[in-house]
Amino acid sequence: MALRPDVSRTVVVGGGIAGLTAALRLERLLPGTEVVLVESAPHLGGKIVTERIGEFVVDGGPDSFLTSKPRGVGLCDELGLSSRLIPRESRDSRTFVRLRGQLHTLPAGLTGMIPTRLDSMAESGILSEDGLARLARELELPPAPRNGDESIAAFIRRRMGVEAYERLVGPLMCGIFGGNGDRLSLAATFPALRGLELEHGSVMRGLLARSVPNGDAPAPFVSLRGGMAELVECLILRLNATRVVTGCTVTSMRRANRGRGYDLCLGAGEALTADAVVLATPAYVAAGLLEPLDTTLAEAHAGIPHASSAIVTLAYPSSDVPRALDGYGYVVPEVEGSDVLACTWSSSKWPGRAPAGHALVRTYMGRSEGRDVTTDSDAELVTCARREVSDTLGVDAGPLFARVHRWQRGMPQYVLGHLDRLATIESRLTEHPRLAVAGAAYRGVGIPDCIASGEAAAERVAASS
């Protein structure tokens with residue numbers, strides 16, 4: 001690797017969305033610095049993957065991002081992608097819950113995945129009469145005393161009952177993380193809910209008090225017309241001064257002998273010296289690299305577990321799908337005993353994902369602390385997905401094509417104590433100048449969160465350079 005010996009150098013380890021945005025921000029903040037981005041995979045973008053198969057657009061990872069978090073839309077504006085952003089189809093925005101093989105429409109009045117209208121909840125058929133009665137009691141339950149962290153499951157069961165958690169709120173909230181609600185930290189995932197309980201004495205009452213008419217509110221989720229990889233492709237084109245090295249693993253890192261900066265060892269036996277480093281890797285990878293530098297910092301990273309998942313996308317002629325795909329898709333509660341977490345009807349959810357007269361269906365598989373579905377063969381995963389769409393949607397024909405995307409240890413889990421681990425990480429980083437971390441393992445798993453994390457890491461090392 002031919003690098004200039006006479007200039008300062010910042011190395012970004014990891015070429016996912018956090019690493020790419022860190023590199024772009026470093027170019028702007030440190031124009032005289034050589035930026036090197038090292039990615040172990042043969043391609044950049046991490047879990048943002050799009051396959052274009054004829055007129056089909058298949059996202060193998062995230063298919064959208066929230067507009068309420070500004071750095072997603074903000075970065076698209078900066079990259080000239082604003083005209084490529086598309087909202088979800090609005091002609092039928094229903095989402096369903098699969099219970100005992102039947103699809104039940106999510107009730108109107110869901111605010112932040114929490115029901116606020118008891119009449120609509122009753123009409124949905126999701127809860128039994130006892131479950132509805134227990135949910136109604138949430139309005140009268142006093143708030144619990146302040147006493148530290150609480151799991152999502154414990155909080156929702158305490159406020160709304162077991163049924164509301166198992167059949168509705170749990171699948172929606174925990175599905176975002178592919179996680180186990182009994183372990184996921186409420187304070188690290190949905191802290192506003194605890195605040196509503198304390199302020200209003202009731203989560204539902206608090207949500208109703210702060211709700212405002214939609215009016216001209218922007219679409220809550222957006223995607224890109226040609227798939228989410230458009231964002232990665234545009235970022236790569238904007239990296240004018242960054243040396244990008246793919247298919248190369250950083251195997252170790254230590255303090256440089258001269259006392260400033262870091263020496264990195266690459267898998268090919270090469271050495272790379274950097275004045276500053278941004279680790280934009282999964283937490284377990286960062287833990288291994290940080291161990292020689294700081295065992296406490298490494299242990300805090302090692303304490304962030306990761307869950308595995310797989311996405312199987314199936315394409316069909318619409319004539320082979322007997323049920324109308326009249327909505328966005330459905331979630332599958334854990335109590336159903338399935339490896340499938342959700343099924344999204346991409347061709348109904350996003351314009352341009354399938355040619356006219358065709359359907360594109362994505363199934364999400366893998367539950368945290370359940371069996372590792374990524375060890376299944378492609379054929380086994382496709383069989384599971386086909387069984388799901390056959391049992392629920394009545395599709396018995398073979399697909400036009402199937403695409404499998406595995407994400408082994410791909411989703412960080414914000415389990416109980418996560419905020420304490422973050423405090424330890426942030427405290428220990430102050431002892432290591434010109435070193436920063438970025439990615440989904442810290443303060444948000446969505447694309448805007450990762451963008452903000454990468455940019456903040458770049459700003460940290462730039463400020464200390």
Side-chain angles (χ1 to χ4, degrees), residues 8-30 33 35-39 46 71 149 185 187-189 191 250-265 272-306 412-445 448-465:
S8 62
R9 179 180 304 122
T10 297
V11 174
V12 178
V13 184
I17 189 66
L20 289 168
T21 51
L24 183 64
R25 182 58 62 95
L26 284 164
E27 285 189 2
R28 297 171 180 174
L29 294 173
L30 300 172
T33 295
V35 180
V36 180
L37 187 152
V38 182
E39 166 57 44
R71 285 312 296 149
D149 205 354
S185 160
T189 55
V250 176
T251 58
S252 66
M253 181 174 71
R254 66 176 189 273
R255 287 276 193 182
N257 290 333
R258 54 191 166 89
R260 175 184 171 89
Y262 303 89
D263 289 332
L264 288 77
C265 182
L272 183 59
T273 299
D275 296 276
V277 174
V278 173
L279 295 180
T281 66
Y284 56 87
V285 174
L289 295 176
L290 292 167
E291 178 65 30
L293 292 176
D294 188 320
T295 56
T296 301
L297 183 56
E299 287 169 0
H301 278 83
I304 302 173
H306 288 64
Q413 301 291 290
Y414 296 180
V415 297
L416 290 165
H418 185 72
L419 296 185
D420 292 334
R421 278 182 284 278
L422 293 189
T424 298
I425 289 169
E426 290 164 3
S427 173
R428 294 306 306 162
L429 281 172
T430 63
E431 303 297 318
H432 302 279
R434 297 172 295 282
L435 174 64
V437 296
Y442 306 103
R443 296 190 182 276
V445 299
D449 303 306
C450 293
I451 292 169
S453 178
E455 292 174 340
E459 289 161 7
R460 169 183 162 79
V461 299
S464 59
S465 296

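Quantities reported herein were computed from a predicted structural model and do not represent experimental measurements.
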Between the side chain of His432 and the main-chain N/O of Thr430, is any donor-acceptor distance below 3.5 Å?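 Not at all, since once roles are kept as given, no pair shorter than 3.5 Å links the two residues.
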Would you say the side chain of [Y] lies within less than 4.5 Å of the side chain of [X], judging by non-hydrogen atoms?
X      : Y      : answer
Tyr262 : Thr273 : no
Leu290 : Leu279 : yes
Leu293 : Met253 : yes
Asp263 : Leu272 : no
Val415 : Ser185 : no
Leu26  : Thr33  : no

Check: His301 ring centroid to Tyr284 ring centroid under 6.0 Å: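 Not close enough - the centres of the two rings lie 6.0 Å or further apart.
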Minimum heavy-atom separation for [X] to [Y], with atom names?
X      : Y      : value
Gly454 : Thr21  : CA-OG1, 3.9 Å
Glu426 : Arg443 : OE2-NH2, 2.9 Å
Arg71  : Pro448 : CB-O, 3.9 Å
Ala440 : Pro412 : O-CG, 3.3 Å
Arg421 : Gly303 : NE-O, 3.5 Å
Pro433 : Ser464 : C-OG, 4.5 Å

Chi angles and distances behind the side-chain contact (heavy atoms from CB on, under 4.5 Å) call for Val38, Val11: CA-CA 7 Å; Val38 182; Val11 174; 4.2 Å; yes
From [atom1] ([X]) to [atom2] ([Y]), nearest 0.5 Å:
X      : Y      : atom1 : atom2 : value
Ile451 : Leu24  : CD1   : CG    : 10.5 Å
Glu455 : Cys450 : CD    : SG    : 11.5 Å
Thr296 : Glu291 : OG1   : CD    : 9.5 Å
Asp294 : Arg428 : CG    : CZ    : 4.0 Å
Leu289 : Leu264 : CG    : CG    : 7.5 Å
Leu435 : Arg460 : CG    : CZ    : 6.5 Å

Charged N to carboxylate O under 4.0 angstrom, Arg9 versus Asp275?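 Not counted as a salt bridge, because no side-chain N and carboxylate O are separated by less than 4.0 Å.
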Chi angles and distances behind the side-chain contact (heavy atoms from CB on, under 4.5 Å) call for Val461, Val277: CA-CA 8 Å; Val461 299; Val277 174; over 6 Å; no
Hey, mind stepping through Glu459 and Arg25 against side-chain contact (heavy atoms from CB on, under 4.5 Å) and telling me if it holds? CA-CA 8 Å; Glu459 289 161 7; Arg25 182 58 62 95; 2.4 Å; yes
